[in-house]
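Right, one structure below, let's go through it.
As a basis for the values below, the full set of heavy atoms in this structure was taken, side chains included, without hydrogen atoms, waters or symmetry mates. Each chain gets a letter, A, B and so on, in the order its sequence line appears, and its residues count up from 1.
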Amino acid sequence: MIVGLVDCNNFYCSCERVFQPELRGKPIVVLSNNDGCVIARSAEAKALGIPMGAPYFKHRKDMERQNIIVRSSNYALYGDMSYRVMTVLAHLAPNVEVYSIDECFLDLDGLNHMDLTAYARHIKETVEKWTGIPVAIGIGSTKTLAKIANRLAKKSTKANGVLDLSNSPWMDHALEKTEVGDVWGIGRRWAKMLTSRGVYTAKDLRDAEDGWVRQKMGVVGLRTVMELRGTPCVELEVAASDKQTVCVSRSFGSPMTEQISLHDAISTFAMRSAEKIRKAGLVAGAVNVFVRTDPFRSDQEQYSNSATIGLTPFTNHTQPILSAAQRGLSSIFRENYRYKKAGILLLDLVRQEDAPRTLFDQSCETDNKLMSAFDAINNRFGTGSVSYGQLRKARTWYMTQNHVSPHYTTRWDDLPLLK
DNA sequence: TCTGGGGTCCTAGGACCC
DNA sequence: TCTGGGGTCCTAGGACCC
């Protein structure tokens, strides 16, 4: 296996810069929903010491003082820019796996006769020229090694955004320079456990004893070690697989105490989730509803609970999902708590044509037509143009987004104009 | 006052079966 | 003091990813 990993540099910040070039070279951060935490930082903001995941309210003064530019997340923009980047990549490599909104694996098998570094540099330059998004590319004989190569490609001025670690005499050196916690698949817990036992770098982990790894980190950890040794354990998934679950959840701007408010929120989530699976051609076998109080408020009574309701037959129609969600909510709602977050998950998703049937199922042609009309209207006039039942649209749980940029590429009114 | 949202996979333990 | 062996299925929770 020879695999390349293309990763967009500070993706959300770079998207903000494409249509506001005056932001280039300046420190900029992008916040999560509700303007909660920092989820992306430009190189300049990183250099000023703004940590990833920092709660905005704690660093706001500091960021104002340092003239850091703040943006609320604009997923319409990022999603569309991502699509552009992935489309370019799909034209330049024989097979690709879109791994996340800002990452893509390239299948480079059978291209050994080429100078892979030169090829990757061509890809990098083309993406930047055609989309305005800067990227780095790492190449390795497994996905885990490609990840490490990518990270070093970004860090090293000599590599300048492209590093090929497949068949490289520098492998040991590269692994030595990579902290164990920076290895793909090693999160905070395992990094802590490993360093406390003298495993500090990717090289230490690669050379660890199999039985020990298996015992401490299970088969998942062992796979990571094998990948570091150059034995592929994670295949390239060229065909996008269907989701197994779909989740719609939000934290509320201010906490809710009444069931009717949660009812409204859960209804909205249920409708949105049903739309999502219809778009994907899936049906759900169960709905899970969850609510919780604010875990950061240790001075308040805590409560969290969830309920799963089966759907018979499997469906993607809004009405049965909505009523299952409400039944679930009723069963877990308790008075006298301040609810901070709620959400729903659709479970046991399968392709519509593969759904299990019962003897008494009747196909509901009118319902299908209703759902299609419903989706068409919301598609054309915007989400929420038509909805189900009587939603009171309790203002309380709308997201706080005080610094959002225009939807440059997905809304006519926001089209950037030449001055 | 203010701390995101959406996923995957694996494992352990309980309920149940013969 | 004694109380099998071998399965499956489900769920909750923990680890990880972006």
message: I'd like to know if E64(A) and R60(A) make a salt bridge, using a cut-off of under 4.0 Å between side-chain N and carboxylate O.
response: yes
- prompt: Please, which pairs that meet salt bridge (Lys or Arg N to Asp or Glu O under 4.0 Å) have at least one residue in residues 314-331 of chain A, sequence neighbours excluded?
  reply: none
message: In whole Å, measure the gap between the C1' atoms of dG4(C) and dC17(B) for me.
response: 15 Å
query: Where along residues 210-248 of chain A does a heavy atom fall under 4.0 Å from DNA chain C?
result: none
- prompt: By a strict heavy-atom criterion of less than 4.0 Å, which residues belonging to residues 272-285 of chain A are in contact with DNA chain B?
  reply: K276(A)
- prompt: Can you pull the ring-ring contact (aromatic ring centres under 6.0 Å, His included) pairs that have at least one residue in residues 275-322 of chain A, sequence neighbours excluded?
  reply: Y303(A)-Y337(A)
message: Less than 4.5 Å apart, side chain to side chain, heavy atoms only: is that true for L329(A) and V291(A)?
response: yes
query: Charged N to carboxylate O below 4.0 Å: is that the case for R17(A) and E128(A)?
result: no
Using a cutoff of under 3.5 Å, can you pull out all pairs of nitrogen or oxygen atoms linking the protein to nucleotides 1-3 of chain B, with atom names and distances?
residue, atom, partner, partner atom, Å
dT3(B), OP1, K340(A), NZ, 2.6

message: What I want to find out is whether K154(A) reaches D7(A) closely enough, with some N-O distance under 4.0 Å, to be called a salt bridge.
response: yes
message: Does N150(A) form a side chain to side chain contact (heavy atoms under 4.5 Å, CB included) with L163(A)? I'd like the steps, not just the answer.
response: CA-CA 7 Å; N150(A) 184 285; L163(A) 181 62; over 6 Å; no
task: Heavy atoms under 4.0 Å is the rule here; annotate nucleotides 13-18 of chain C 5' to 3' with B where the base is hit, S where only the sugar-phosphate is, and - elsewhere.
output: --SSSS
- request: Give a yes or no answer on whether the side chain of S82(A) reaches the backbone of D102(A) with a donor-acceptor pair at less than 3.5 Å.
  value: no
- prompt: Of all heavy-atom pairs between L106(A) and A93(A), which one has the smallest distance, and what is that distance?
  reply: CD2-CB, 4.0 Å
field: Carboxylate-amine/guanidinium proximity below 4.0 Å for K143(A) and E97(A)
entry: yes
L77(A) vs F19(A) side-chain heavy atoms within contact, under 4.5 Å: yes
- prompt: What pairs of residues pass the salt bridge (Lys or Arg N to Asp or Glu O under 4.0 Å) test when at least one of them lies in residues 282-299 of chain A, not counting sequence neighbours?
  reply: R297(A)-D299(A)
query: Does any residue of residues 326-339 of chain A have a heavy atom under 4.0 Å from DNA chain B, and if so, which ones, in number order?
result: none
- prompt: Are any of the side-chain heavy atoms of V29(A) and I69(A) separated by less than 4.5 Å?
  reply: no
query: If you look at every heavy atom in A159(A) and S156(A), which pair is closest and at what distance?
result: N-OG, 2.8 Å
Whole-Å gap separating P (dG7(B)) and CD1 (I39(A)): 15 Å
query: Among residues 72-80 of chain A, which contact DNA chain C at a heavy-atom distance under 4.0 Å?
result: none
Show me the donor-acceptor pairs, under 3.5 Å and distance only, between side chains in residues 339-348 of chain A and residues at least two apart or in other chains.
residue, atom, partner, partner atom, Å
Y339(A), OH, R334(A), N, 3.0
Y339(A), OH, R334(A), O, 2.7
K340(A), NZ, F252(A), O, 2.7

Validation: residues 229-244 of chain A side-chain donor-acceptor distances under 3.5 Å, sequence neighbours left out:
residue, atom, partner, partner atom, Å
R229(A), NE, R206(A), O, 2.9
R229(A), NH1, D210(A), OD1, 2.8
R229(A), NH2, R206(A), O, 3.2
R229(A), NH2, A208(A), O, 2.9
R229(A), NH2, D210(A), OD1, 2.9
D242(A), OD1, R351(A), NH1, 3.0
D242(A), OD2, R351(A), NH1, 3.0

Ion pair check, E275(A) and R278(A), cut-off under 4.0 Å: no
message: For DNA chain B, report each stem as range with range, ordered by first number, or say none. Use Watson-Crick or G-U wobble pairs under 3.5 Å, at least 3 in a row.
response: B:5-18 with C:5-18
Cationic N near anionic O, under 4.0 Å, E209(A) to K216(A): no
message: Tell me the interatomic distance from L347(A), atom CG, to dC10(C), atom P, rounded to whole angstroms.
response: 13 Å
Residue pair M63(A) / L48(A), side-chain heavy-atom distance below 4.5 Å: no
Ring geometry between Y99(A) and F105(A) (parallel below 30°, tilted from 30 to 60°, perpendicular above 60°): perpendicular
